[in-house]
Amino acid sequence: MKVIPLHKEHAESFKQIRLIGLKEHPESFASSFEEEVQQSILDIEKKLLSSQAITYGAFHEGKLGGIITLLYESKLKMRHKAHIVGLFVREEFRGLGMAKQLMNTVIEKAQGSTTIEQLHLTVMADNQPAIKLYKKLGFRSYAHEPRALKVVGHYYDEIHMVLQLK
Ligand SMILES: CC(C)(COP(=O)(O)OP(=O)(O)OC[C@H]1O[C@@H](n2cnc3c(N)ncnc32)[C@H](O)[C@@H]1OP(=O)(O)O)[C@@H](O)C(=O)NCCC(=O)NCCS
């Protein structure tokens, strides 16, 4: 397995895996399939090139099996924080340690930064596999947000978690 930053040339495969994630797990992401299916490859290339975020992909036997994004804060008073978003591993690649490797990659990236002191993420309150992973990596929950997402008439609570690095 290989984890690398995704660039312009990965836009098409990134779009595909992202749409699979949004379709299969709408309750796990704030973005919607309906919104992202409209995005052009050019929009996705721009997203992958943004200086405000870095997206990594995990490849197994040459196939993109998992993705994760680290989002930076631009405001001076918030630059000590960064956000982990969009963690998704395709079903056929689950249980291989891909998510753990993607998470460790973004944690190491943040640790190597001179500004980031803590990492934040949100997770659907019932998502035990993801919560277990985050806790193992040292994240602790600091808030429970009721009805954080509304997906076709159903409400989902979210847990907010933080990992202090410095
Ligand atoms: C959650 C998800 C990312 C895990 O991906 P994965 O590559 O299968 O996870 P890994 O193999 O790296 O497992 C790492 C750890 O996560 C936990 N975990 C993963 N799958 C689990 C499961 N089905 N049940 C319980 N714990 C699980 C375990 O602690 C595991 O460590 P262990 O194997 O040493 O026990 C994946 O199931 C997924 O993409 N789910 C849908 C999208 C999603 O929920 N994303 C997170 C949004 S916040």
Side-chain angles (χ1 to χ4, degrees), residues 1-6 10-37 39 44 47-48 50 52-73 81-111 116 118-152 154-165:
M1 192 190 312
K2 186 175 76 162
V3 174
I4 57 164
L6 297 184
H10 301 110
E12 188 67 60
S13 48
F14 175 75
K15 182 174 182 177
Q16 277 173 25
I17 190 171
R18 183 87 182 136
L19 290 177
I20 293 169
L22 294 175
K23 195 157 206 174
E24 289 178 355
H25 301 277
E27 71 294 341
S28 290
F29 304 103
S31 303
S32 309
F33 177 89
E34 296 74 18
E35 286 159 351
E36 289 205 10
V37 77
Q39 283 183 352
I44 297 180
K47 203 168 153 180
L48 293 176
S50 164
Q52 287 311 301
I54 180 162
T55 294
Y56 291 91
F59 291 81
H60 184 73
E61 291 170 355
K63 269 190 88 177
L64 180 58
I67 49 173
I68 197 164
T69 297
L70 181 64
L71 282 180
Y72 305 119
E73 290 281 358
K81 301 191 282 185
H83 306 266
I84 295 176
V85 297
L87 172 63
F88 173 65
V89 172
R90 287 184 71 157
E91 206 146 355
E92 67 258 48
F93 298 105
R94 290 196 189 149
L96 300 174
M98 218 176 230
K100 202 189 290 175
Q101 207 164 313
L102 284 162
M103 284 293 296
N104 279 325
T105 302
V106 293
I107 292 169
E108 278 165 28
K109 176 76 181 168
Q111 279 167 336
I116 302 169
Q118 60 201 59
L119 288 171
H120 291 253
L121 58 80
T122 59
V123 55
M124 205 255 290
D126 291 341
N127 190 346
Q128 284 313 320
I131 292 172
K132 201 172 155 196
L133 166 67
Y134 302 146
K135 282 190 171 162
K136 267 189 174 176
L137 292 168
F139 282 80
R140 64 171 179 83
S141 54
Y142 64 92
H144 181 120
E145 185 181 353
R147 309 211 309 178
L149 297 181
K150 187 178 180 183
V151 186
V152 282
H154 291 271
Y155 295 99
Y156 294 90
D157 290 7
E158 279 185 342
I159 310 266
H160 294 247
M161 302 184 91
V162 67
L163 174 68
Q164 202 161 325
L165 303 170

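In this text, all values refer to a predicted model and were calculated from it rather than measured experimentally. Order of appearance sets the numbers: ligands from 1, and atoms from 1 within every ligand.
For atom 39 (O) of ligand 1, the nearest protein heavy atom (residue, atom name, distance) is Val89 N, 2.8 Å. Ranking the protein heavy atoms by distance from atom 14 (C) of ligand 1 puts Leu133 CD1, 3.6 Å first. Shortest contact from atom 48 (S) of ligand 1 to any protein heavy atom: Tyr134 OH, 3.2 Å. Protein heavy atom in closest approach to atom 12 (O) of ligand 1: Lys100 N, 2.9 Å. Protein heavy atom in closest approach to atom 18 (N) of ligand 1: Pro129 O, 3.6 Å.
Atom CD1 of Ile84 is separated from atom CG of Leu137 by 8.5 Å, given to the nearest 0.5 angstrom. A distance of 11.0 Å separates CG of Leu121 from CD1 of Ile159, quoted to the nearest 0.5 Å. Of the inter-residue distances, the one linking Phe139 atom CZ with Ile107 atom CD1 reads 5.0 Å to the nearest 0.5 angstrom.
Listed by number with element, the atoms of ligand 1 under 4.0 Å from a non-hydrogen atom of Phe88 are 39 (O), 42 (C). Interface atoms of ligand 1 facing Ala99, defined by a heavy-atom separation under 4.0 Å, are 3 (C), 4 (C), 5 (O), 6 (P), 7 (O), 9 (O), 12 (O). Of all atoms in ligand 1, numbered sequentially from 1 with element shown, those under 4.0 Å from a heavy atom of Gly97 are 10 (P), 11 (O), 12 (O). Proximity to Leu87 (heavy-atom distance under 4.0 Å) selects the following atoms of ligand 1: 3 (C), 42 (C), 43 (C), 45 (N), 46 (C), 47 (C). Distances below 4.0 Å separate heavy atoms of Gly95 from the following atoms of ligand 1: 6 (P), 8 (O), 11 (O).
Contact annotation: for Leu96 versus ligand 1, heavy atoms closer than 4.0 Å belong to the backbone alone. Under 4.0 angstrom from ligand 1, the non-hydrogen atoms of Asn127 all belong to its side chain. When non-hydrogen atoms are compared, ligand 1 lies under 4.0 Å from the side chain of His25 (C-beta onward) but not from its backbone.
Here the side chain of Ser13 pairs a donor or acceptor atom with the backbone of His10 at under 3.5 angstrom.
Applying the side chain to side chain donor-acceptor pair (under 3.5 Å) rule to His120 yields the partners Gln118, Tyr142; only residues at least two apart in sequence or on another chain are considered. Thr69 pairs by the side chain to side chain donor-acceptor pair (under 3.5 Å) definition with Thr55, not counting sequence neighbours.
Of the listed residues (Lys136, Arg94, Lys132), the one carrying the non-hydrogen atom nearest atom 37 (O) of ligand 1 is Arg94.
The aromatic rings of Phe93 and His60 sit perpendicular, their planes meeting at an angle over 60°, well past the 30° parallel limit.
A 4.5 Å side-chain heavy-atom check between Met103 and Leu133 finds at least one atom pair inside the cut-off.
Residue Lys109 places its NZ atom among 12 or fewer non-hydrogen atoms of other residues, nucleotides or ligands, all under 6.0 Å distant.
Under the 4.0 Å distance rule, the nearest protein heavy atom to atom 7 (O) of ligand 1 falls inside the cut-off.
In terms of polar-atom proximity, defined here as any N/O pair under 3.5 Å, Thr122 makes no such contact with ligand 1.
Considering all non-hydrogen atoms of both residues, Pro26 and Val151 come closest at CB-CG1, 3.8 Å.
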